[in-house]
Amino acid sequence: MLVTSIEYTSQEMIVVAGARILEDNKVVFVGTGLPMIATVLAIRHRAHGIIPVFEAGAVGPPLEGGLPFSVGDSRTASRASFVRGLNAAFEMTQRGFCDYGFVGGAEIDPYGNLNSTMMGKFPEEYQKPKARLPGSGGASDMASSCERTILIMPHERRRFNEKINYVTSPGYLDGSPGARERAGLLGQGPHRVITTKAVLGFDDETRRMKILHTYAGETVESIQESTGFELLVDPDVSPFDPPTIEELTLIREEIDPLGFFVKKPVKEKVLPNQF
Amino acid sequence: MLVTSIEYTSQEMIVVAGARILEDNKVVFVGTGLPMIATVLAIRHRAHGIIPVFEAGAVGPPLEGGLPFSVGDSRTASRASFVRGLNAAFEMTQRGFCDYGFVGGAEIDPYGNLNSTMMGKFPEEYQKPKARLPGSGGASDMASSCERTILIMPHERRRFNEKINYVTSPGYLDGSPGARERAGLLGQGPHRVITTKAVLGFDDETRRMKILHTYAGETVESIQESTGFELLVDPDVSPFDPPTIEELTLIREEIDPLGFFVKKPVKEKVLPNQF
Amino acid sequence: MSSNEEQFFWTGLTPDAARKALVNKDKSKRDKRSSLKDAVNRFIKDGDNVAIGGFVDNRQPVAATFEMIRHGFKDLTLSYQSGGMAIDYLAGAMALRPDHFSIKRMEFAYWAHESFGLSPIFRYIAENGMVELEDWSNYNMSARFKAGAMGLTFIPCRSPLGSDILKKCRAKVMDCPFTGRPIILLPASYPNVAIIHVQTADMFGNCVINGTDATCQEIAMAADYTIVTCERIVPHRVITRRPKEIGIPFFAVDAVVHVPFGAYPTNCRRYYYFNKEHIATFHALGTRLRKGDPKGLAAYYDDYIFGAKGFEDFIDHFPVRKLLEEYQSEMQNFERMV
Amino acid sequence: MSSNEEQFFWTGLTPDAARKALVNKDKSKRDKRSSLKDAVNRFIKDGDNVAIGGFVDNRQPVAATFEMIRHGFKDLTLSYQSGGMAIDYLAGAMALRPDHFSIKRMEFAYWAHESFGLSPIFRYIAENGMVELEDWSNYNMSARFKAGAMGLTFIPCRSPLGSDILKKCRAKVMDCPFTGRPIILLPASYPNVAIIHVQTADMFGNCVINGTDATCQEIAMAADYTIVTCERIVPHRVITRRPKEIGIPFFAVDAVVHVPFGAYPTNCRRYYYFNKEHIATFHALGTRLRKGDPKGLAAYYDDYIFGAKGFEDFIDHFPVRKLLEEYQSEMQNFERMV
């Protein structure tokens, strides 16, 4: 039996994992950066029926042209089934039209709360933070009103903290039973966290993050090692298949041939910002 | 010196008076029925710069074709500067884009409050009224949020009452100082009442209706006689010029050649409903 | 569901139920073409709150109301801003055969026919106390649908503060927390079903509306189910050539029914202007009903609705030259060569 | 004005002042064509709350910001949902010449460049505490403009309940009077001026927007004054051939300025895709500023903005083949033959 061997980057892995998690025929509110690339891969590869919604107002474009550089750029509007503006997109999300929100962040806690606003003491340093991040954009709206959310994160210890600097996008809040409903939120909250090392979910009771699948080359221990809080481990934890040649070929030759968005193994390129 | 003599109907007079009252270059939210006809006459005759707004969503159509039968029909949309739906029209009115609301009713009180909902005891007979009228439509929205309103009424004693059966469209409410502001309303309230007998305004202090101009063949006394409450009389009360041949020709030959909307002197025709 | 939500009288769905129903719905892009009979049968049930598209006698979903009448329903609530012929047809059915078709309640702002006069059927229905009425303004009803389309429980509005409308409807008035001055809070409307007629749709339910949108997008997005009838079905690749012309996105639509003349005798921009004579004839029959003689109206319903297999049968009653007359009138209104 | 309204901290206009200003305005259909210099000079003043059109690096009103920078303003508030190059240019001007141009406050949801990375100028400005920040979500800011466009004092919204955003902004949370559950009330935004770039306008100010509307209609209708720059001015009779394509009605616009490439180097649907290289170059200069070396950025401003007589001078810096490259890229995105 012959075995192929092909190098791939952790960025390629996260995109592939994101694409595989997306359910076909669902409405996915797609955040900018890696979620956008993973969604395009999913649509082109196996889930042709996914209906992307972009916060700038486009619903269901086929994304047949090049990868959009922005969730509001021309490529998101072409041949869409509806194009208005931000209010229209968020209003339909609040109504319940979006099955999934697919969103990135800079920092995450065990309950899937995301920070994309600031590093430093809040509220004391809010007006002069240690590091200023872009701000919510539509992330907190997606996290509030999409029925479920899928979070996408580079897996680094400094980004996974028991207490994050600022809660931009609500996950399970303090993790207590009914916390989201009590707060007045509509969606059910985070469904999966897709990282550069693992696919994680949330415990039904404690709402804390748990490892579901480990990528090739990672173990429960190595993943825990890269995480700033204690992770739960699903009893059925299993390995996650590495990218297939078909997936890699789609990314490298069709979706991002210039390697603008997704790092390729050979030529190193600066990671574009994901917020 | 030669003097022309031409017959005209009270309906033609009311349309002509309505048209003359409208200020050029203003935004006029136009109600259905006589206000629509008067607005078209004003635009064609001397106030080409009037910008009609229709509640179904059209802004500024030139109304070059036939007279619309409905404030939402095709003729209101053609070559308009904006066409959306009802929400858009009323939102911009609430914002303050409409200088005047031009609206009819079935019953009016001294303070310019209008009834177009029901005849009978309110609230007791609300679910089974003596006579059921069409309901507010957009009239109460215009009366609330247009900056000023111009009311158009057939002048009959039974329609002018000290206490009306139901307040559909707020005028000066109980007439007390600041009543509209206290209620939370934005617009200033009724500006003129145009009837089949007179042009009336409102006293600055008491907010009660007062005669400003009397039509040919009418006197202060004859007008009071046809009114179910006591009218004030403006110290400068003056006669209102009868329709000119130009105005009548425009109505009869261009605007309503079939006499569908405006009664002509010879051929009697049923008055279309004005609400 | 909190106890408060239960306490408040929601017609149609509660905000929570509406959200839940939409979340559990298949929102995929799939062929939704259907016969009108199947659509009405599948999506409307007794007791439903049915929202009616169009505005007075413009783009009224007449074909859908005929099918509803043939089917027969009990205790419907009708929700609309300004209604015309569609409401007359539905209410006329109740006046004639209350055992077969009945309306329990109306939430509305206006029911008459503008230049074509009052609705004698409304007078008959209301003056005999046959339907529970909840009067609102046009903006109130449109904003209530909008609040539903936005997934909200209420939306603020300033009109008509000070009026008697507020005394008998479910709006609440509160002091604005930012200014201290009174403001109306309108409860959202989440109808069970919306029936809408549009000019153009694709098989997935993307709709293009010419002329006024009325409140059609809002009711389609607020309602649990939406039935669209249309003059014309075009391929998806054609309708998406101009995405910004799409007024209702496919995932807000549950059935797409091809019904040419589906709004006749009301005005459907780009296709036909009013059949004024037919509207007048119908009202004359309504006036006779109101005066105690239902025979003419009954004959109308027997001929045009109960005796017809579908809307085609109704349209077949009109000579081609009459249909062409309304088409030609409309072509004079339309601003460009088509 | 009630005492409550005075107590609440309104930036831009209060709802009452906004209403009053609009009521007193000449809303007639008249020729509003203007030079950019005259428009900026006439409608913007020190201390104003300026709303910025577009969305991140799409249809940003770049030409208008250049003119604002040349003019010089003090203590502006900038309001936008997601901002990109327009905000960078304005803030960069403050970083270089705070005596000439200054921003006091920002009400916003996001300032960065998506695939093109963070904004080093934002980091510089914020981490040095140079501007008062009020974070919101995109929907919050869009809904705040919408509330202004609707003439309301507030609009309800469910996101982001439970987040830290609510701890430092002026939103209020109340229990919904219909359900008893928490809901956010967002204060309306009535900016003093809106600056917007669109594809097509007529001389009266009717605007057609291709691709996303972003929140441009809302800010145009909420703001006291609206300055529109456009790729193309067409006759009124041409733009009204398709009234439903008009996205902003003329009476919401105060100045119409013909500025081809007015959103360059950002994306303007149907005209040009991003100039990615130029955006990257600018950010590299911003990064050097953040690291303590403002020279490169200062040279950029001297060459492209302060040293330029108008936006044409900026565009003249780009070789024709580069402009054609972005045009050709955009033509590949556009869904139909033009």
Side-chain angles (χ1 to χ4, degrees), chain A residues 32-33 54-58 65-66 69-79 83-88 90 93-94 117-118 122-123 126-141 143-145 166-170 173 179-180 182-186 260-261 272-273 275, chain D residues 55-58 81-82 108-119 122-123 126-129 132-133 135-140 142-143 146 157-165 167-168 173 181-183 210-218 267 269-270 273-274 276 330 332-335:
Chain A
T32 199
F54 292 102
E55 65 200 273
F69 282 77
S70 159
V71 290
D73 85 20
S74 281
R75 293 175 179 177
T76 65
S78 296
R79 306 203 74 91
V83 177
R84 288 290 190 280
L86 280 87
N87 274 307
F90 290 117
T93 306
Q94 200 170 242
T117 301
M118 59 165 281
F122 179 81
Y126 172 61
Q127 295 295 355
K128 199 180 171 182
K130 285 204 177 58
R132 175 66 214 205
L133 306 172
S136 160
S140 64
D141 301 306
S144 298
S145 293
Y166 181 103
V167 176
T168 310
S169 303
L173 301 171
R180 285 181 62 91
R182 264 199 322 283
L185 293 172
L186 288 174
F260 194 94
F261 300 91
N273 183 272
F275 307 121
Chain D
F55 171 83
V56 198
D57 287 323
N58 304 284
Q81 9 80 5
S82 284
F108 76 113
Y110 173 99
W111 172 13
H113 301 275
E114 300 187 69
S115 305
F116 308 119
L118 295 172
S119 163
F122 185 20
R123 293 198 57 185
E127 292 163 20
N128 288 297
E132 200 178 297
L133 299 175
D135 276 86
W136 300 84
S137 75
N138 266 343
Y139 184 32
N140 288 168
S142 295
K146 176 72 183 171
C157 173
R158 273 166 157 161
S159 59
L161 282 161
S163 79
D164 285 337
I165 291 175
K167 294 182 184 158
K168 294 292 281 181
V173 177
R181 285 208 302 268
I183 183 98
N210 299 106
T212 173
D213 290 319
T215 317
C216 290
Q217 185 195 104
E218 292 90 336
N267 174 213
R269 185 164 174 77
R270 195 167 175 169
Y273 205 47
F274 309 98
K276 300 187 265 289
E330 183 58 22
Q332 286 179 29
N333 300 333
F334 201 62
E335 73 263 17

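As the structure is a prediction and not an experimental result, all values here were calculated from the model. So that the names make sense, note that chain A is the first sequence line, chain B the second, and so on, each numbered from 1. What's counted below: heavy atoms across the whole structure, side chains too, no hydrogens, waters or symmetry copies.
Neither the backbone nor the side chain of A/Thr76 comes within contact range of chain D, judged by heavy atoms closer than 4.5 Å. With a 4.5 angstrom heavy-atom cutoff, D/Asp135 touches chain A via backbone and side-chain atoms both. With a 4.5 Å cut-off on non-hydrogen atoms, D/Asn138 touches chain A through its backbone and its side chain both. The part of D/Gln81 that comes within reach of chain A is its side chain, from C-beta onward, which places non-hydrogen atoms under 4.5 angstrom from that chain. Contacts between D/Gln217 and chain A at a heavy-atom distance below 4.5 Å are absent for every atom of the residue. D/Phe274 touches chain A through its side chain: at least one heavy atom from C-beta onward sits under 4.5 Å away, while N, CA, C and O do not. Contacts of A/Phe122 with chain D are made by side-chain atoms alone, with heavy-atom separations under 4.5 Å and no backbone atom involved. Both the backbone and the side chain of A/Ala131 come within contact range of chain D, each with at least one heavy atom under 4.5 Å from a heavy atom of that chain. Heavy-atom distances place both the backbone and the side chain of A/Ala56 under 4.5 Å from chain D. For D/Ser82, the part sitting under 4.5 Å from any heavy atom of chain A is the side chain, from C-beta outward, and nothing else. Looking at A/Leu173, the atoms closer than 4.5 Å to chain D (heavy atoms on both sides) all sit in the side chain, from C-beta outward. Neither the backbone nor the side chain of D/Cys216 comes within contact range of chain A, judged by heavy atoms closer than 4.5 Å. Contact of A/Arg182 with chain D is made through the backbone alone, with heavy-atom distances under 4.5 Å. Heavy-atom distances place both the backbone and the side chain of D/Ile165 under 4.5 Å from chain A. If you measure heavy-atom distances from A/Gln127 to chain D, the contacts under 4.5 Å come from both the backbone and the side chain.
Remark: side-chain polar atoms of A/Arg132 are paired, donor with acceptor, to backbone N or O of A/Thr117 under 3.5 angstrom. Side chain of A/Ser169 to main chain of A/Ser140: a donor-acceptor pair is present (N/O by atom type, distance under 3.5 Å, no hydrogens or angles). Looking at D/Gln332, its side chain never comes within 3.5 Å of a backbone N or O of A/Gly65 through a donor-acceptor pair.
Counting only heavy atoms from C-beta outward, the side chains of D/Trp136 and D/Lys168 never approach each other to under 4.5 Å. Annotation: side chain of A/Ser144 is in contact with side chain of A/Pro170 (closest heavy-atom distance under 4.5 Å). In this structure, D/Asn140 and D/Pro160 have side chains that are in contact, with non-hydrogen atoms separated by less than 4.5 Å.
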Start with the C-alpha gap between D/Ser142 and D/Glu218, add the side-chain angles, then the distance that decides, and say whether side chain to side chain contact (heavy atoms under 4.5 Å, CB included) holds. CA-CA 8 Å; D/Ser142 295; D/Glu218 292 90 336; 6.0 Å; no
Could you please spell out the steps behind the side chain to side chain contact (heavy atoms under 4.5 Å, CB included) verdict for D/Asn267 and D/Glu330? CA-CA 8 Å; D/Asn267 174 213; D/Glu330 183 58 22; 3.2 Å; yes
Walk me through whether D/Asp57 and A/Ser70 qualify under side chain to side chain contact (heavy atoms under 4.5 Å, CB included). CA-CA 8 Å; D/Asp57 287 323; A/Ser70 159; over 6 Å; no
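Across D/Trp111, D/Phe55, D/Tyr273, the residue that shares the most heavy-atom pairs under 4.5 angstrom with chain A is D/Tyr273. The greatest number of non-hydrogen atom pairs below 4.5 Å with chain D, out of A/Ala58, A/Gly57, A/Gly72, is found for A/Gly72. Ranked by heavy-atom pairs under 4.5 Å with chain A, the first of D/Ile183, D/Val173, D/Asn128 is D/Asn128. With chain D as partner, the option from A/Asp73, A/Thr168, A/Leu186 having the largest number of non-hydrogen pairs under 4.5 angstrom is A/Asp73. The choice from A/Gly137, A/Pro129, A/Ser136 that makes the most heavy-atom pairs within less than 4.5 Å of chain D is A/Gly137.
Here the CZ atom belonging to A/Phe261 is positioned 4.0 Å from the OG atom belonging to D/Ser115, to the nearest 0.5 angstrom. Between A/Leu133 atom CG and D/Leu118 atom CG the span is 7.5 Å, to the nearest 0.5 Å.
Checked against the 6.0 Å centroid threshold, D/Phe108 and D/Phe122 count as a close aromatic pair.
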